[in-house]
Amino acid sequence: MTTRSYTFSHAIARKPSIRIVDGLRAVDTGTPDLVQFQQDHDHYVSLLESTGAAVTVLDPLDDYPDSVFVEDAALCLPEAAIAMRPGAPSRVGEAAMMAPVLSRFYSDVVSIAGPGFIDGGDILVTEREILVGRSARTDAAGIAELTQITAHWGYQVREVNTPAGVLHFKTDCSLMDEETVLATRRLSGTGCFDGYRVINTADGEEAAANAIRFNGLVIMPAGFPHTAEKLSAAGYDVRQVGNTEAAKLDGGMSCLSLRFSPPD
Ligand code: CIR
């Protein structure tokens with residue numbers, strides 16, 4: 001059994017832009033505060049770096065208010081990087097901005113050409129398969145193109161459903177290790193993780209589901225003590241990062257980085 005689905009030598013993040021106030025959101029719960037966002041982002045990056053990973057922090061992209069959420073623009077596999085085709089019109093150009101950055105690390109950078117759409121936030125890579133959630137951002141054609149591209153390296157893509165009203169598949173789940181997933185009950189109850197060990201978020205703490213396993217750490221949003229306790233009790237080294245400002249834009253821990261180990 002390998003651990004390459006959560007062991008990474010590198011990450012890419014992007015500083016939040018002053019235009020973050022124009023970021024997409026399902027419900028307006030207030031204007032994100034850039035200074036608070038920057039502080040939380042610095043903390044997040046420092047935790048990634050504390051594991052020994054090399055973290056590239058890109059400059060803000062003021063033309064793309066949501067570009068701090070780099071995960072949606074690409075999928076990084078051990079063999080190659082794939083620039084996505086984000087499903088929100090204001091975000092589709094982020095993939096082309098990310099592709100040259102990926103080329104610094106990968107000789108093989110492929111792009112989803114369309115006509116379908118697919119966001120990185122809908123993709124959960126485990127040791128045994130790639131799960132992709134259909135969502136308002138990711139459609140059948142996007143999944144079909146990813147399936148065809150990744151088959152080249154022997155990956156199995158399994159299409160699953162993102163719960164109604166949930167932005168991305170990974171808004172509601174995270175990989176904890178080779179056999180364990182953290183998920184909301186509304187998602188795990190669909191049976192999509194049958195065959196995995198599932199840790200459900202505590203009741204009322206569904207927003208804790210978007211966490212990341214990054215090398216030895218589980219990095220989760222602050223403010224969800226019961227879920228943090230469950231994860232600690234299960235033996236994970238849990239670290240909490242303030243997420244109040246990203247949450248106003250439906251963003252969380254996974255969205256803020258691309259995590260990968262480039263080919264040798
Ligand atoms: C959006 O609606 O696209 C952004 N405001 C939030 C993206 C969050 N990304 C993610 O869950 N992977």
| message | Set out, in order, the CA-CA distance, both residues' side-chain angles and the distance that settles side chain to side chain contact (heavy atoms under 4.5 Å, CB included) for Ile149 and His152, then state yes or no. | response | CA-CA 6 Å; Ile149 290 170; His152 179 69; over 6 Å; no

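- When all heavy atoms of Val218 and Ala211 are compared, the pair lying nearest together is CG1-CB, 4.5 Å.
- Checking Glu127 against Ser5 by side-chain atom types alone, a donor-acceptor pair falls below 3.5 Å.
- Residues Val238 and Val181 do not share a hydrophobic cluster, defined by chaining ILVMFWY side chains whose heavy atoms lie under 4.5 Å apart.
- Ion pair Lys170/Asp122 not flagged as a salt bridge, since none of the NZ, NE, NH1 or NH2 atoms sits closer than 4.0 Å to an Asp/Glu carboxylate oxygen.
- Between the side chains of Tyr236 and Asp177, at least one donor N or O sits under 3.5 Å from an acceptor N or O.
- No donor-acceptor contact under 3.5 angstrom links the side chains of Ser135 and Arg137, judged on distance only.
- Criterion: ILVMFWY side-chain heavy atoms under 4.5 Å apart, direct or through other members. Under it, Phe8 and Val125 are not part of a common hydrophobic cluster.
- A single hydrophobic cluster is seen to contain both Phe69 and Leu34, as judged by linkage of ILVMFWY side chains at heavy-atom distances under 4.5 Å, directly or through other members.
- In this structure, Glu49 and Thr51 have side chains that are not in contact, with every pair of non-hydrogen atoms separated by 4.5 Å or more.
- Side-chain contact check for Gln39 versus Tyr44: every heavy-atom pair is 4.5 Å or farther apart.
- The distance from atom CG of Asp139 to atom CD1 of Ile118, rounded to the nearest 0.5 Å, is 8.5 Å.
- For the residue pair Ala95 and Ala83, the shortest heavy atom distance occurs at O-CB, 4.2 Å.
- Residues Pro32 and Arg25 are in side-chain contact: their nearest non-hydrogen atoms beyond the backbone lie under 4.5 Å apart.
- Side chain to side chain, Thr138 and Asp119 fail the donor-acceptor criterion of an N or O pair below 3.5 Å.
- The shortest side-chain heavy-atom distance between Thr184 and Cys173 does not fall under the 4.5 Å cut-off.
- Judged purely by distance below 3.5 Å, without hydrogens or angles, the side chains of Thr7 and Asn215 never pair a donor atom with an acceptor atom.
- Side-chain atoms of Gln36 do not come within 3.5 Å of backbone N or O of Thr244 as any donor-acceptor pair.
- Between Phe260 and Phe105, the ring planes lie perpendicular to each other; the angle is over 60°, past the 30° to 60° tilted range.
- Using modelled atom types, one finds a donor on one side chain and an acceptor on the other under 3.5 Å when comparing Glu178 with Tyr6.
- No side-chain N or O of Tyr64 forms a donor-acceptor pair with one of Ser90 less than 3.5 Å apart.
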| said: Does Thr2 form a side chain to side chain donor-acceptor pair (under 3.5 Å) with Arg4? I'd like the steps, not just the answer. | reply: CA-CA 6 Å; Thr2 68; Arg4 62 186 202 165; 4.6 Å; no

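- To the nearest 0.5 angstrom, Leu48 atom CG is 5.5 Å from Ser257 atom OG.
- The closest donor-acceptor contact from the side chain of Thr227 to the backbone of Ala202 lies under 3.5 Å.
- In this structure, Phe169 is a member of the same hydrophobic cluster as Leu175, with clusters built from ILVMFWY side-chain heavy atoms closer than 4.5 Å.
- You'll find the side chain of Arg213 stays beyond 4.5 Å of the side chain of Ile219, heavy atoms only.
- In this structure, Ile112 is a member of the same hydrophobic cluster as Leu75, with clusters built from ILVMFWY side-chain heavy atoms closer than 4.5 Å.
- A donor-acceptor pair shorter than 3.5 Å can be found between the side chains of Glu71 and Ser254.
- Side chains of Leu58 and Met98 form a contact here, defined as non-hydrogen atoms less than 4.5 Å apart.
- Counting only heavy atoms from C-beta outward, the side chains of Ser174 and Ile212 never approach each other to under 4.5 Å.
- Atoms CG and CD1, from Leu146 and Ile130 in turn, are 5.5 Å apart once rounded to the nearest 0.5 Å.
- A side-chain donor-acceptor contact under 3.5 Å links Glu145 to the backbone of Gly114.
- Using a distance-only test at 3.5 Å, with no hydrogens or angles considered, a donor-acceptor pair links the side chain of Ser46 to the main chain of His43.
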| query | Would Glu179 and Tyr196 count as a side chain to side chain contact (heavy atoms under 4.5 Å, CB included) if you check the C-alpha gap in whole Å, the side-chain angles of each, and the deciding distance to 0.1 Å? | reply | CA-CA 5 Å; Glu179 61 179 17; Tyr196 291 87; 5.5 Å; no

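- The only member of Asp108, Leu102, Thr150, Ile123 that meets side-chain contact (heavy atoms from CB on, under 4.5 Å) when paired with Ile82 is Thr150.
- Closest of all the heavy-atom pairs between Leu217 and Ser50 is CD1-OG, 3.8 Å.
- A donor atom on one side chain and an acceptor atom on the other are not found under 3.5 Å apart for Gln38 and Asp42.
- Using a distance-only test at 3.5 Å, with no hydrogens or angles considered, no donor-acceptor pair links the side chain of Thr190 to the main chain of Arg186.
- Remark: side-chain polar atoms of Ser111 are not paired, donor with acceptor, to backbone N or O of Ala113 under 3.5 angstrom.
- Classification of Asp66 and Arg19 as a salt-bridged pair fails, no side-chain N sitting under 4.0 Å from a carboxylate O.
- Cation-pi geometry between Arg85 and Phe117 is satisfied (NZ or CZ under 6.0 Å from the ring centre, within 45° of the ring normal).
- Taking a 6.0 Å sphere around CD of Gln156, one finds it holds 12 or fewer heavy atoms contributed by other residues, nucleotides or ligands.
- Ion pairing between Arg134 and Glu159 holds under the 4.0 Å rule for side-chain N and carboxylate O.
- Using a 30° and 60° split on the angle between ring planes, His41 and Phe37 fall in the tilted class, from 30° to 60°.
- The line from CG of Leu124 to CG of Asp172 is 12.0 Å long, rounded to the nearest 0.5 Å.
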| query | Do Val68 and Leu256 pass the side chain to side chain contact (heavy atoms under 4.5 Å, CB included) test, and can you show the C-alpha distance, the side-chain angles, and the key distance before you say yes or no? | reply | CA-CA 6 Å; Val68 66; Leu256 293 173; 3.9 Å; yes

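- Taking all atoms of both residues into account, the shortest heavy-atom contact from Ala74 to Leu258 is O-CD2, 3.4 Å.
- Of all the heavy atoms in Ala208 and Leu182, the pair that sits closest is O-CD2, 3.6 Å.
- The two residues Ala234 and Ile199 have their closest heavy-atom pair at CB-CD1, 4.0 Å.
- At least one donor-acceptor pair under 3.5 Å links the side chain of Arg14 to the backbone N or O of Asp59.
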| task | Evaluate the salt bridge (charged side-chain N to carboxylate O under 4.0 Å, His left out) criterion for residues Asp72 and Arg91: first the C-alpha distance (whole Å), next the side-chain angles of each, then the deciding distance (0.1 Å), finally the verdict. | result | CA-CA 9 Å; Asp72 295 316; Arg91 303 200 60 192; 2.8 Å; yes

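- Note that CG of Leu187 is 9.5 Å distant from OG1 of Thr201, once rounded to the nearest 0.5 Å.
- With no hydrogens or angles considered, no side-chain donor-acceptor pair links Thr147 and Tyr155 at under 3.5 Å.
- When side chains are defined from C-beta on, His10 does not count as touching Thr56, because their heavy atoms never get closer than 4.5 Å.
- Note that CD of Gln148 and CD1 of Ile143 are 14.0 Å apart. Values are rounded to the nearest 0.5 Å.
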| request: For the pair Leu231 and Met176, evaluate side chain to side chain contact (heavy atoms under 4.5 Å, CB included) and give the outcome as yes or no after the intermediate values. | output: CA-CA 9 Å; Leu231 292 170; Met176 293 289 106; 3.8 Å; yes

